Amino acid sequence: MIEGQHKKAAEHLMALGVEPAVVEAFKKDGTVYLLDLLNYGKIGTAGLIHQKIRQIERGHNVVVYGAICTQMYFGYTVNFLVTSPYKEDWPQELVRTGEYSYRAYAYCWNTAEDYLSEFGMIGISSVSGTLDRIT
């Protein structure tokens, strides 16, 4: 199933309007990028965020295809955009809600209180190839 999830995740990246080079890197070898304006760039393989991606993917059988860092009132979150292992979930994983806004399925990692991390839908906006969490 991972191959199908990977393909769907690449489709989500294209639908969000991220830079074509990011989509191609993901298609080629699964490279995941931080996609928000302030933290834009490739996630390396040695850092804490990469470790968290692997933990989420292995533990929940999802594919992470992007991340958005957000300062919230309670602390810092890293919102991992994910593709479900269930094909029937795929049509609802990324829903356009406006010209540049979407609802996306994500794992929201509360970096201050890990036990409060959870899966759910988040609101995001897409502008000039970058993403921003809006709800």
Side-chain angles (χ1 to χ4, degrees):
M1 182 56 71
I2 294 295
E3 186 175 318
Q5 286 173 268
H6 192 87
K7 182 178 178 188
K8 179 51 74 175
E11 290 174 15
H12 290 338
L13 285 170
M14 288 185 286
L16 286 166
V18 301
E19 293 181 21
V22 171
V23 178
E24 289 307 312
F26 180 79
K27 285 180 178 180
K28 179 182 175 189
D29 59 13
T31 300
V32 177
Y33 278 71
L34 288 170
L35 297 168
D36 56 286
L37 184 60
L38 297 177
N39 299 293
Y40 194 87
K42 183 172 131 178
I43 297 173
T45 58
L48 188 59
I49 291 177
H50 177 76
Q51 291 174 4
K52 191 65 174 181
I53 288 171
R54 295 299 165 240
Q55 178 187 2
I56 295 164
E57 289 182 330
R58 288 184 188 124
H60 301 283
N61 200 27
V62 297
V63 170
V64 174
Y65 62 92
I68 305 166
C69 298
T70 308
Q71 180 65 46
M72 306 292 274
Y73 71 92
F74 53 80
Y76 194 69
T77 64
V78 181
N79 309 284
F80 297 103
L81 304 175
V82 298
T83 301
S84 167
Y86 308 107
K87 285 183 181 182
E88 56 270 15
D89 291 344
W90 295 352
Q92 292 85 35
E93 285 180 342
L94 185 66
V95 178
R96 189 179 197 136
T97 58
E99 187 174 358
Y100 300 106
S101 60
Y102 300 83
R103 301 285 293 162
Y105 186 54
Y107 180 85
C108 301
W109 177 33
N110 182 328
T111 61
E113 302 289 345
D114 189 51
Y115 72 95
L116 295 174
S117 302
E118 63 185 351
F119 285 95
M121 297 298 284
I122 61 170
I124 57 176
S125 65
S126 173
V127 179
S128 300
T130 64
L131 304 177
D132 186 32
R133 180 174 175 177
I134 54 177
T135 60

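None of the values given here were measured: they were computed from a predicted structure.
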Interatomic distance, [X] atom [atom1] to [Y] atom [atom2] [nearest 0.5 angstrom]:
X      : Y      : atom1 : atom2 : value
Gln51  : Thr45  : CD    : OG1   : 10.0 Å
Met14  : Glu11  : CE    : CD    : 5.5 Å
Tyr86  : Asn61  : OH    : CG    : 7.0 Å
Met121 : Thr135 : CE    : OG1   : 9.5 Å
Ile134 : Ile124 : CD1   : CD1   : 8.0 Å

Minimum side-chain heavy-atom gap [X]-[Y] below 4.5 Å:
X      : Y     : value
Thr111 : Leu48 : no
Val62  : Pro85 : yes
Cys69  : Leu38 : no
Leu81  : Leu16 : yes
Val22  : Thr31 : no
Leu13  : Leu35 : yes

Side chain [X], main chain [Y], donor-acceptor under 3.5 Å:
X     : Y      : answer
Arg96 : Glu99  : yes
Trp90 : Ser84  : yes
Thr77 : Cys108 : no

Legend entry - Residue pairs fulfilling ring pair (Phe, Tyr, Trp, His ring centres under 6.0 Å) with at least one residue in residues 36-63, sequence neighbours excluded: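 Pairs touching residues 36-63 that pass the test: His60-Phe119.
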
Legend entry - With Phe80 via ring pair (Phe, Tyr, Trp, His ring centres under 6.0 Å) - residues at least two apart: none

Inset, instruction - Just say parallel, tilted or perpendicular for the rings of Tyr65 and Phe26, cut-offs at 30° and 60°. - result: perpendicular

Quick check: closest heavy atoms across [X] and [Y], and the distance to 0.1 Å?
X     : Y      : answer
Thr83 : Gln5   : O-NE2, 3.0 Å
Leu94 : Ala15  : CD2-CB, 3.9 Å
Ala25 : Tyr33  : CB-CE1, 4.1 Å
Ile68 : Leu131 : CD1-CB, 3.8 Å

Using salt bridge (Lys or Arg N to Asp or Glu O under 4.0 Å) as the criterion, list what pairs up with [X], not counting sequence neighbours.
X     : result
Arg54 : Glu57
Glu93 : none
Glu19 : none

Inset, instruction - Determine, step by step, whether Lys8 and Asp89 satisfy the salt bridge (charged side-chain N to carboxylate O under 4.0 Å, His left out) criterion, reporting the C-alpha distance in whole Å, the side-chain angles of both residues, the deciding distance to 0.1 Å, and the verdict. - result: CA-CA 11 Å; Lys8 179 51 74 175; Asp89 291 344; over 6 Å; no

Legend entry - In one Ile/Leu/Val/Met/Phe/Trp/Tyr side-chain cluster, 4.5 Å: Tyr76, Trp109: yes

Legend entry - Same cluster (ILVMFWY, side-chain, under 4.5 Å), Tyr100 and Val18: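 In one cluster: no.
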
Legend entry - Qualifying side-chain hydrogen bond (donor to acceptor under 3.5 Å, both in side chains) pairs with a residue from residues 118-133, counting only residues at least two apart or across chains: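 side-chain hydrogen bond (donor to acceptor under 3.5 Å, both in side chains) check on residues 118-133 returns Asn79-Arg133.
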
